[in-house]
Trainee: 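Before I ask anything, here is the structure I am working with.
Numbered from 1 within each chain, the chains take letters A, B, ... in sequence-line order.
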Protein chains: 2
Amino acid sequence: MSAHTQSRFNSTLTSQCQNCSLSALCLPLALADEDITKLDQIIERKKPLKKGEFLFRQGDVFDSVYAVRSGTLKTFNITAYGEEQITGFYCPSELVGLSGIDSNAYPVSAKALETTTVCEIPFSHLEELSSQIPSLKHQIFKVMSRKISDDQQMMVLLGKKNADEKVASFLLNLSNRFKKRGYSATSFRLSMSRGEIGNYLGLAVETVSRVITRFQKNELIHVDGKEIEIVDLPEMQKLVGVASDCGKIAHI
Amino acid sequence: MSAHTQSRFNSTLTSQCQNCSLSALCLPLALADEDITKLDQIIERKKPLKKGEFLFRQGDVFDSVYAVRSGTLKTFNITAYGEEQITGFYCPSELVGLSGIDSNAYPVSAKALETTTVCEIPFSHLEELSSQIPSLKHQIFKVMSRKISDDQQMMVLLGKKNADEKVASFLLNLSNRFKKRGYSATSFRLSMSRGEIGNYLGLAVETVSRVITRFQKNELIHVDGKEIEIVDLPEMQKLVGVASDCGKIAHI
DNA sequence: CTAATTCCTTGATCTGGATCAGAAAGTAAA
DNA sequence: TTTACTTTCTGATCCAGATCAAGGAATTAG
């Protein structure tokens, strides 16, 4: 038994990518079994973060990216005036920390919105391994590329959409992410507060609350505290703008 | 002489990374001479785009990323209602098209704001080469990571800043990019219209015009059409918020 | 359990920036 | 050159969403 395996047995969590229900969505996607095993060996399962605990803080030295296993994280900046600006929410299978590669420091903080477990992937090891496994390297490029285009969609949302469109986009985005993981696309629980939603969308809390109330009144959704049910999905999609997925649009 | 070299000699532009004044900012950064030569061999110099011409269009199959050699590009989405939303401006040494890797199609269009030349870097070749040259792979990771954190700063701008802060941030951002390339940080020419600035910043044209006029009245800048001179750099920086570069902020 | 916080909702009011309108200055085509 | 178009600027008006205020619901602490 290698020292490495030893340490794995000593850790509180010894699950593996192979057994992980998220492997088809996460980095192991598109890897052969033997390559998954290699990836598995560099990953450290960490003990759960409690609500409000930090995974890393703005300015910390960058060493790892993290895959969310369960729970939810938010990333945020602190602006010049000391206010928080949330830049993203992270659900299971999603990778946090990629923005730290360039400057060798995390440019944002990451905090747990509820009890959250993550897989720590030391980046230097991941980079080495990606030299041996081209499909892993390609997968990393894809994840980063995806993040870039998602963020650009977010810029469109912040720059051009009104309050209704913002909230509808947000809910449908969550819906799609739940669906991808095999959960209900129409019925889910928000792990973030109204305030955090508003912060993320560039809206006041009161506006978020009013829009959600109105959506409920118009029978687009049903709300019970943090529980959301999307009642009229087509109408919600119409609100967001059918063409929100780009490809469909004719060239100009 | 290989077929490849042959084709290079036939092309209108045969300059090389080695001679390129941008090599210290662009992908060749951190590469050994022999590696630059390898990179050089996969790069195709394209004939200049005229103002208004497309480099690629939203939905086109992704095959290459492009480094801007001279001129400026904008990337944009077309929203559900057919309006344009500009997601970025690209200056010499900057890489366009990275958001296309994930879906194998460009999720945005790229258009020249003035006569612009680019180096085309076929991504499949770049990816292959990055397996042989770890520092090249690392450089690509860094460029993508940088793009992610820049976009997140843009999200903060769009979500939290008022019109004055947006315009000031925009001008200082351009200033920094000119400076990095060895040009004046305080005196430069805007290649985009007021309308494009407003579109990018989530402001109406009229607002951009008014803010710029007011900045001039308050002797922060001097404006002559598209020529900008930053007169009071410290005051402009104060406007943007001194802490706009993250690292300086204490943990909370 | 109660008390203290924090979160959510609703109403009333205010305001920064959008929108509308039109003049002036460029720019380009003819 | 004139004509047509685009861009920029400025003023007047309007409104979506922010802010202020306050009561109720939910969580958390003790």
Side-chain angles (χ1 to χ4, degrees), chain A residues 50-53 72 74 79 81 83-86 111-115 157-171 189-218 221-228 239, chain B residues 50-53 74 79 81 83-86 111 113-115 157-171 189-218 221-228 239:
Chain A
K50 274 176 287 189
K51 179 173 174 169
E53 286 183 335
T72 325
K74 68 173 172 183
T79 71
Y81 308 108
E83 348 157 64
E84 175 175 318
Q85 166 69 42
I86 296 173
K111 200 179 206 177
L113 293 181
E114 57 193 320
T115 302
L157 178 145
L158 289 168
K160 284 270 175 301
K161 295 187 179 181
N162 64 28
D164 284 15
E165 292 166 340
K166 285 180 178 181
V167 174
S169 300
F170 178 74
L171 293 175
R189 179 168 213 291
L190 300 174
S191 46
M192 63 294 290
S193 70
R194 304 287 192 270
E196 286 167 326
I197 296 172
N199 182 302
Y200 181 58
L201 298 177
L203 295 173
V205 205
E206 295 93 328
T207 305
V208 175
S209 180
R210 277 186 255 267
V211 170
I212 288 181
T213 304
R214 186 150 34 76
F215 280 0
Q216 162 139 269
K217 211 166 285 169
N218 298 342
I221 62 178
H222 182 262
V223 190
D224 177 18
K226 306 221 154 193
E227 295 294 335
I228 298 283
L239 235 172
Chain B
K50 275 176 287 189
K51 179 173 175 170
E53 286 183 337
K74 66 173 172 184
T79 71
Y81 308 108
E83 348 156 64
E84 175 176 317
Q85 166 69 42
I86 297 174
K111 201 178 205 178
L113 293 181
E114 56 193 320
T115 302
L157 178 146
L158 289 168
K160 285 270 174 302
K161 295 187 179 182
N162 65 25
D164 284 15
E165 292 166 339
K166 285 180 178 182
V167 174
S169 300
F170 177 73
L171 293 176
R189 180 170 211 289
L190 299 173
S191 46
M192 62 294 289
S193 69
R194 304 285 193 270
E196 286 167 327
I197 296 173
N199 182 301
Y200 180 58
L201 297 178
L203 296 173
V205 205
E206 296 93 327
T207 305
V208 175
S209 179
R210 277 187 254 265
V211 171
I212 288 181
T213 303
R214 186 151 34 75
F215 280 1
Q216 162 140 267
K217 211 167 284 168
N218 299 343
I221 61 178
H222 182 261
V223 190
D224 177 17
K226 307 221 152 190
E227 296 293 334
I228 298 284
L239 236 170

Trainee: Separation of Lys160(A) atom NZ from dG17(C) atom P, in whole Å?
Mentor: 15 Å

Trainee: Identify, with sequence neighbours excluded, every residue that meets side-chain hydrogen bond (donor to acceptor under 3.5 Å, both in side chains) alongside Thr207(A).
Mentor: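 Expected list: none.
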
Trainee: Once salt bridge (Lys or Arg N to Asp or Glu O under 4.0 Å) is applied, what residue pairs with a partner in residues 189-209 of chain A remain, sequence neighbours excluded?
Mentor: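 Applying salt bridge (Lys or Arg N to Asp or Glu O under 4.0 Å) to every pair that reaches into residues 189-209 of chain A, excluding sequence neighbours, yields Lys74(A)-Glu196(A), Arg189(A)-Glu227(A).
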
Trainee: Check whether any side-chain heavy atom of Val211(B) sits under 4.5 Å from a side-chain heavy atom of Leu203(B), and report yes or no.
Mentor: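 No, side chains not in contact.
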
Trainee: What is the distance, to the nearest angstrom, from the CD atom on Glu83(B) to the C1' atom on dT19(C)?
Mentor: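 It is 14 Å, rounded to the nearest whole Å.
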
Trainee: With rounding to the nearest 0.5 Å, note down the distance linking CG in Leu113(A) to NZ in Lys51(A).
Mentor: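 That separation rounds to 8.0 Å.
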
Trainee: Estimate the overall bend of the helix from dC1(C)-dG30(D) to dA30(C)-dT1(D) from the end axes over five pairs each, rounded to 10 degrees.
Mentor: 60°

Trainee: Evaluate the side-chain proximity of Gln216(B) to His222(B): yes if any heavy-atom separation is below 4.5 Å, no if none is.
Mentor: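 Side-chain contact under 4.5 Å: yes.
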
Trainee: Counting C-beta onward and ignoring hydrogens, is there a side-chain heavy-atom pair between Leu171(B) and Leu190(B) closer than 4.5 Å?
Mentor: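 They are in contact (side-chain heavy atoms under 4.5 Å apart), so the answer is yes.
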
Trainee: Each nucleotide N or O in nucleotides 4-6 of chain C that has a protein N or O under 3.5 Å away: list the pair and distance.
Mentor:
none

Trainee: Just so I know, are the side chains of Lys226(B) and Ser191(B) near enough to count as touching, which here means a heavy-atom distance under 4.5 Å?
Mentor: no

Trainee: Find the distance between NZ (Lys166(A)) and CG (Leu157(A)) and round it off to the nearest 0.5 Å.
Mentor: 6.5 Å

Trainee: Could you pull out all residues at least two apart from Ser169(B) that satisfy side-chain hydrogen bond (donor to acceptor under 3.5 Å, both in side chains)?
Mentor: Lys161(B)

Trainee: Using a 4.0 Å cut-off on protein heavy atoms (strictly under), produce a 5'-to-3' string for nucleotides 7-26 of chain D with B for base contact, S for backbone-only sugar-phosphate contact, and - for none.
Mentor: -SBBBB----SSBB------

Trainee: Just wondering, do Asn199(B) and Gln85(B) contact through their side chains at under 4.5 Å, heavy atoms?
Mentor: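 Of all side-chain heavy-atom pairs linking Asn199(B) with Gln85(B), at least one is under 4.5 Å.
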
Trainee: Please state how far atom NZ in Lys50(B) lies from atom C1' in dA28(C), giving the value in whole angstrom units.
Mentor: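 After rounding, the reported distance stands at 15 Å.
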
